[in-house]
Asks: 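The structure under discussion is supplied below as structure tokens; questions concerning it will follow.
Computed from heavy atoms alone, side chains included, the values below leave out hydrogens, waters and symmetry copies. Please read all numbers here as calculations on a predicted model, not as lab measurements.
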Amino acid sequence: MGISDEMIKRINALYHKKKKEGLTPEEAEEQARLRKEYIDAFHNNLRGTLNTIKIQNPDGSIIDLKQKAEEKGIK
């Protein structure tokens, strides 16, 4: 699932309600779920962006950042 404007608005609304008057247990659960979905979508988006980056080595060869990370044992 991607990040939608509605998701961000709901996260913000729950944040402001929590600061003002507190959340019901159901709302606190919803807030935690939405935050996790937001973070997961952000990480997936960032990973996709990083996987498209290419690095030029001093010798002029070009390597994918993903390939370079795999060579170093980074997931």
Side-chain angles (χ1 to χ4, degrees):
M1 173 184 254
I3 301 168
S4 67
D5 287 339
E6 291 80 24
M7 177 190 285
I8 293 171
K9 286 178 185 175
R10 184 63 181 154
I11 290 170
N12 288 335
L14 289 170
Y15 168 79
H16 291 295
K17 183 175 182 199
K18 181 179 180 179
K19 289 290 185 186
K20 253 185 184 174
E21 59 195 73
L23 299 175
T24 66
E26 294 81 15
E27 288 170 330
E29 191 176 299
E30 178 187 10
Q31 183 183 44
R33 181 182 51 79
L34 287 172
R35 284 180 172 174
K36 181 173 180 354
E37 286 178 24
Y38 178 87
I39 290 169
D40 290 345
F42 182 85
H43 284 156
N44 289 335
N45 188 14
L46 180 60
R47 172 93 38 217
T49 299
L50 291 175
N51 286 340
T52 63
I53 294 175
K54 300 190 184 308
I55 298 172
Q56 185 171 2
N57 292 316
D59 66 2
S61 62
I62 296 177
I63 187 170
D64 288 337
L65 185 62
K66 181 179 179 181
Q67 183 181 354
K68 189 163 183 87
E70 288 170 353
E71 289 174 2
K72 290 187 175 192
I74 301 171
K75 291 183 181 181

Asks: Taking only residues two or more places apart in sequence, or in another chain, which ones meet Lys20 in a side chain to side chain donor-acceptor pair (under 3.5 Å)?
Replies: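 Not a single residue meets the side chain to side chain donor-acceptor pair (under 3.5 Å) criterion with Lys20.
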Asks: Whether Glu37 and Arg33 form a salt bridge (side-chain N of Lys/Arg under 4.0 Å from carboxylate O of Asp/Glu) is what I want to check.
Replies: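 Salt bridge between Arg33 and Glu37, a charged N being under 4.0 Å from a carboxylate O: yes.
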Asks: Please give me the minimum heavy-atom distance between Ala41 and Ile3, naming the atom from each residue.
Replies: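 Result for this residue pair: CB-CG1, 3.5 Å.
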Asks: Could you state the interatomic distance from CD (Gln31) to CG (Asn12), rounded to the nearest 0.5 Å?
Replies: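 Result: 10.0 Å between the selected atoms.
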Asks: Consider only side-chain heavy atoms of I, L, V, M, F, W and Y, link residues closer than 4.5 Å, and tell whether Leu34 and Tyr15 are in one cluster.
Replies: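 Different hydrophobic clusters.
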Asks: Please list, one pair per line, the donor and acceptor atoms closer than 3.5 Å that link side chains of residues 50-64 to other protein atoms, with sequence neighbours excluded.
Replies:
from  : atom 1 : to    : atom 2 : distance (Å)
Asn51 : ND2    : Arg47 : O      : 3.3
Thr52 : OG1    : Thr49 : O      : 2.7
Lys54 : NZ     : Asp64 : OD1    : 2.6
Asn57 : ND2    : Ser61 : OG     : 3.1
Asp59 : OD1    : Ser61 : N      : 2.8
Asp59 : OD1    : Ser61 : OG     : 2.6

Asks: Can you name the side chain to side chain donor-acceptor pair (under 3.5 Å) partners of Arg10, sequence neighbours left out?
Replies: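 Result, side chain to side chain donor-acceptor pair (under 3.5 Å) vs Arg10: Glu30.
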Asks: Taking atom CD of Glu29 as the centre, does the number of heavy atoms from other residues, nucleotides or ligands within less than 6.0 Å exceed 12?
Replies: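 Not buried by this count: 12 neighbours or fewer within 6.0 Å.
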Asks: Do other residues, nucleotides or ligands put more than 12 heavy atoms under 6.0 Å from the NZ atom of Lys17?
Replies: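 Atom NZ in Lys17 is packed in, count exceeds 12.
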